[in-house]
A.B. asks: 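Just dropping this structure here.
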Amino acid sequence: MKVFVVLALFVAAASAGFILPSDQAVPLRDLAAILAQPESIEGRITNGKDAAEGQFPYQVGLSFSSSSGGWWCGGSLIDNTWVLTAAHCTSGASSATVYLGATVRTNPKVSHSVSSSAFVQHKSYNSITLSNDISLIKIPAVSFSGAIAKVSLPKISSSYSNYSGTKAIASGWGLISDSASAVHSKLQYAQLQVIDNSVCAKTYGSLTITSKTICTATPAGTSTCSGDSGGPLVADGVLIGVTSFVSRAGCQSGAPAGFVRVTSYLDWIKTNSGVSY
């Protein structure tokens, strides 16, 4: 059924004059299953670097559970009681374990388990176009330290910037290659350059790439990957993106990586968490 819905959307988009995609964007949570098909595996290194202890104190690890299994995502600490992540991470989950202050994934300074009642998933999240791929998670209050600290949200004035050309840092414990079989043990990071949405839309189409999206180039196979979902994209100490999607062809395909544009959701964040920009 989902295939027919996608085709119908493409036909409608073409009729309305939208840019049609040359590639398919997939949420990073789903990518590992796609890449498990032998013909999809490329096996190159994503060129991330090992993070130092305390280098990204706002980085959160999220282990989700559901009746059908579990998955790993990232998140950003935006307050001492709130984590920002992707809607495709919270979708279908019954609970989550939240890891704070970790560099080695399984060795956090603090961890908390919360049920799905702590999730605030955007009510208009669309799993087909990946629009509004954003969620909040309420956690017990945590004390800030050198290893645990919040990341700054953008100022409302930043809403007028498209960030094109900006160099930003993405981080997470996601797969370090398209052929990797598990998320990485050590926190990784990479510098990525934001590209104009008009360039990104040539790959994913204008139903997926909107004013609420940020894309980055992925030169030399450097990209976010499965397991990085929901994690931070930070420029000059400010959270500008939430890791959302890559190409169905894989993290190392050379296609742009996609993020939720945080400036588009500042009011939503404030309304649902009380955290102001």
Side-chain angles (χ1 to χ4, degrees), residues 27 56-62 64 73-91 93 95-96 98-101 110 112 114-127 129-145 148-164 166 168-172 194 197 208-216 228-245 258-277:
F56 302 106
Y58 51 79
Q59 175 76 51
V60 177
L62 298 169
F64 289 95
C73 281
S76 300
L77 191 64
I78 60 169
D79 183 71
N80 68 338
T81 59
W82 287 99
V83 173
L84 190 67
T85 188
H88 79 261
C89 289
T90 57
S91 182
S95 64
V98 183
Y99 297 85
L100 300 157
V110 177
H112 293 292
V114 297
S115 71
S116 59
S117 63
F119 304 165
V120 183
Q121 183 172 302
H122 200 290
K123 292 180 179 179
S124 298
Y125 166 58
N126 187 312
S127 62
T129 63
L130 304 181
S131 60
N132 304 306
D133 188 13
I134 194 167
S135 284
L136 287 157
I137 300 177
K138 181 72 178 291
I139 62 171
V142 62
S143 298
F144 293 150
S145 65
I148 302 173
K150 68 177 182 179
V151 65
S152 297
L153 293 176
K155 302 296 184 184
I156 191 65
S157 57
S158 299
S159 300
Y160 302 104
S161 173
N162 64 11
Y163 296 110
S164 183
T166 298
I169 300 291
S171 53
V194 178
N197 275 8
T208 296
I209 307 305
T210 71
S211 61
K212 296 182 178 182
T213 311
I214 284 180
C215 292
T216 65
D228 291 324
S229 291
L233 181 70
V234 172
D236 296 324
V238 175
L239 183 68
I240 65 170
V242 175
T243 303
S244 181
F245 61 86
F259 303 79
V260 175
R261 185 179 295 270
V262 174
T263 53
S264 297
Y265 294 91
L266 292 174
D267 287 340
W268 180 86
I269 291 169
K270 183 177 181 180
T271 298
N272 288 282
S273 69
V275 179
S276 57
Y277 34 84

A.B. asks: Any side-chain heavy-atom pair from Val275 and Leu84 closer than 4.5 angstrom?
C.D. replies: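 Side-chain contact under 4.5 Å: no.
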A.B. asks: Can any side-chain N or O of Asp133 pair as donor or acceptor with the backbone N or O of His88 at less than 3.5 Å?
C.D. replies: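 Such a contact is found between Asp133 side chain and His88 backbone.
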A.B. asks: Report the C-alpha separation of Ser76 and Val83 in whole Å, then their side-chain angles, then the decisive distance to 0.1 Å, and conclude whether the side-chain contact (heavy atoms from CB on, under 4.5 Å) test is met.
C.D. replies: CA-CA 5 Å; Ser76 300; Val83 173; 5.9 Å; no
A.B. asks: To the nearest 0.5 Å, what is the distance between NZ (Lys270) and OG (Ser276)?
C.D. replies: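 Lys270 atom NZ to Ser276 atom OG measures 5.5 Å (nearest 0.5 Å).
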A.B. asks: Just jot down the side chain to side chain donor-acceptor pair (under 3.5 Å) partners of Ser116, sequence neighbours excluded, or say none.
C.D. replies: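 Side chain to side chain donor-acceptor pair (under 3.5 Å) list for Ser116, sorted by chain: empty.
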A.B. asks: Less than 4.5 Å apart, side chain to side chain, heavy atoms only: is that true for Ser95 and Phe64?
C.D. replies: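 Contact flag for Ser95/Phe64 side chains = no.
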A.B. asks: Report yes if the side chains of Val142 and Thr81 come closer than 4.5 Å at any heavy-atom pair, otherwise no.
C.D. replies: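 No, side chains not in contact.
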A.B. asks: Which atom pair, heavy atoms only, marks the closest approach of Ala87 to Ser135?
C.D. replies: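 Scanning both residues, the minimum pair turns out to be CA-OG, 3.2 Å.
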A.B. asks: Do you know the tightest heavy-atom contact between Asp79 and Phe144?
C.D. replies: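 Of all heavy-atom pairs spanning Asp79 and Phe144, the closest is C-CZ, 4.0 Å.
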A.B. asks: Nearest 0.5 Å, what's the OG1-CG distance between Thr85 and Leu77?
C.D. replies: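 Rounded to the nearest 0.5 Å, the OG1-CG separation comes to 12.0 Å.
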A.B. asks: Which residues satisfy the side chain to side chain donor-acceptor pair (under 3.5 Å) test with Asn197, sequence neighbours excluded?
C.D. replies: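 Applying side chain to side chain donor-acceptor pair (under 3.5 Å) to Asn197 gives none.
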A.B. asks: Mind checking whether Lys212 and Asn132 have side chains closer than 4.5 Å, heavy atoms only?
C.D. replies: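 Yes - at least one pair of side-chain heavy atoms lies under 4.5 Å apart.
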A.B. asks: Can you name the nearest heavy-atom pair linking Leu266 to Pro154, along with the distance?
C.D. replies: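 Smallest heavy-atom distance, with atoms named: CD1-O, 3.7 Å.
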A.B. asks: Closest approach of Arg261 and Thr213, non-hydrogen atoms and distance?
C.D. replies: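 That closest heavy-atom pairing would be NH2-O, 2.8 Å.
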A.B. asks: Taking the side chain as every heavy atom from C-beta outward, state whether Val110 and Ile148 have any pair of such atoms under 4.5 Å apart.
C.D. replies: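 They are in contact (side-chain heavy atoms under 4.5 Å apart), so the answer is yes.
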A.B. asks: For a 4.5 angstrom cut-off between non-hydrogen side-chain atoms, does Val60 reach Tyr99?
C.D. replies: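 No, every pair of side-chain atoms sits at 4.5 Å or beyond.
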A.B. asks: Using only atom types and a distance under 3.5 Å, with no angle test, would you say the side chain of Ser273 pairs donor to acceptor with the backbone of Ile269?
C.D. replies: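 Here the side-chain-to-backbone pair exists.
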A.B. asks: Would you compute the distance between atom OG of Ser152 and atom CG of Asp236 and round it to the nearest 0.5 angstrom?
C.D. replies: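 Separation between the atoms: 11.0 Å.
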A.B. asks: Could you work out, with side chain to side chain donor-acceptor pair (under 3.5 Å) as the rule, every residue matching Ser115, not counting sequence neighbours?
C.D. replies: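 With sequence neighbours excluded, Ser115 shows a side chain to side chain donor-acceptor pair (under 3.5 Å) to Ser117, given in chain and number order.
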A.B. asks: Less than 4.5 Å apart, side chain to side chain, heavy atoms only: is that true for Val114 and Pro140?
C.D. replies: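 When only atoms from C-beta onward are counted, Pro140 and Val114 do touch, with a gap below 4.5 Å.
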A.B. asks: If the condition is ring-ring contact (aromatic ring centres under 6.0 Å, His included), which residues does Phe259 pass it with, not counting sequence neighbours?
C.D. replies: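 So Phe259 forms no ring-ring contact (aromatic ring centres under 6.0 Å, His included) with any residue.
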A.B. asks: Taking all non-hydrogen atoms of both residues, which atom of Val120 and which atom of Trp268 are closest, and how far apart?
C.D. replies: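 Closest approach of Val120 to Trp268: O-CH2, 3.5 Å.
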A.B. asks: Using side chain to side chain donor-acceptor pair (under 3.5 Å) as the criterion, list what pairs up with Thr208, not counting sequence neighbours.
C.D. replies: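 Side chain to side chain donor-acceptor pair (under 3.5 Å) check on Thr208 returns nothing, list empty.
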A.B. asks: Please determine whether side-chain contact (heavy atoms from CB on, under 4.5 Å) holds for the pair Leu233 and Ile169, giving the CA-CA distance in whole Å, both sets of side-chain angles, and the decisive distance to 0.1 Å.
C.D. replies: CA-CA 5 Å; Leu233 181 70; Ile169 300 291; over 6 Å; no
A.B. asks: Is a donor on one side and an acceptor on the other found under 3.5 Å between the side chain of Gln121 and the backbone of Ser91?
C.D. replies: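 Indeed, once roles are kept as given, a pair shorter than 3.5 Å links the two residues.
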A.B. asks: For residues Ala235 and Thr166, report the shortest heavy-atom separation together with the two atoms involved.
C.D. replies: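 Distance-wise, the nearest heavy atoms are CB-CG2, 3.7 Å.
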A.B. asks: Counting distance only, does the side-chain N/O of Asn126 pair as donor-acceptor with the main-chain N or O of Ser131 below 3.5 Å?
C.D. replies: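 Side chain of Asn126 to backbone of Ser131: no pair is present.
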A.B. asks: Got a sec, which residues hit ring-ring contact (aromatic ring centres under 6.0 Å, His included) with Tyr265, two or more places apart in sequence or on another chain?
C.D. replies: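 Counting only residues at least two positions away or on another chain, Tyr265 forms a ring-ring contact (aromatic ring centres under 6.0 Å, His included) with His122.
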A.B. asks: In Å, rounded to the nearest 0.5 Å, how long is the span from CG of Asn80 to OG of Ser143?
C.D. replies: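 Here the rounded value is 8.0 Å.
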A.B. asks: Quick one: are Leu100 and Ile139 in side-chain contact, heavy atoms under 4.5 Å?
C.D. replies: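 The answer is yes, as the side chains (C-beta and beyond) meet within the 4.5 Å cut-off.
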A.B. asks: side-chain contact (heavy atoms from CB on, under 4.5 Å) for Leu239 and Tyr58? Distances and angles first, verdict last.
C.D. replies: CA-CA 10 Å; Leu239 183 68; Tyr58 51 79; 5.9 Å; no
A.B. asks: Counting only N and O atoms by type, is there a donor-acceptor contact under 3.5 Å from the side chain of Ser161 to the main-chain atoms of Ser158?
C.D. replies: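 Looks like no, no N/O pair under 3.5 Å.
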A.B. asks: Which distance, rounded to the nearest 0.5 Å, do you find between the CG of Leu153 and the CD1 of Ile240?
C.D. replies: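 The CD1 atom of Ile240 is 12.5 Å from CG of Leu153, to the nearest 0.5 Å.
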A.B. asks: Check whether Thr243 reaches the backbone of Ser229 with its side chain - one donor and one acceptor, N or O, closer than 3.5 Å.
C.D. replies: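 Answer holds: no.
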A.B. asks: Hey, what do you get for OH (Tyr163) to OG1 (Thr263), rounding to the nearest 0.5 Å?
C.D. replies: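 Here the interatomic distance stands at 5.0 Å.
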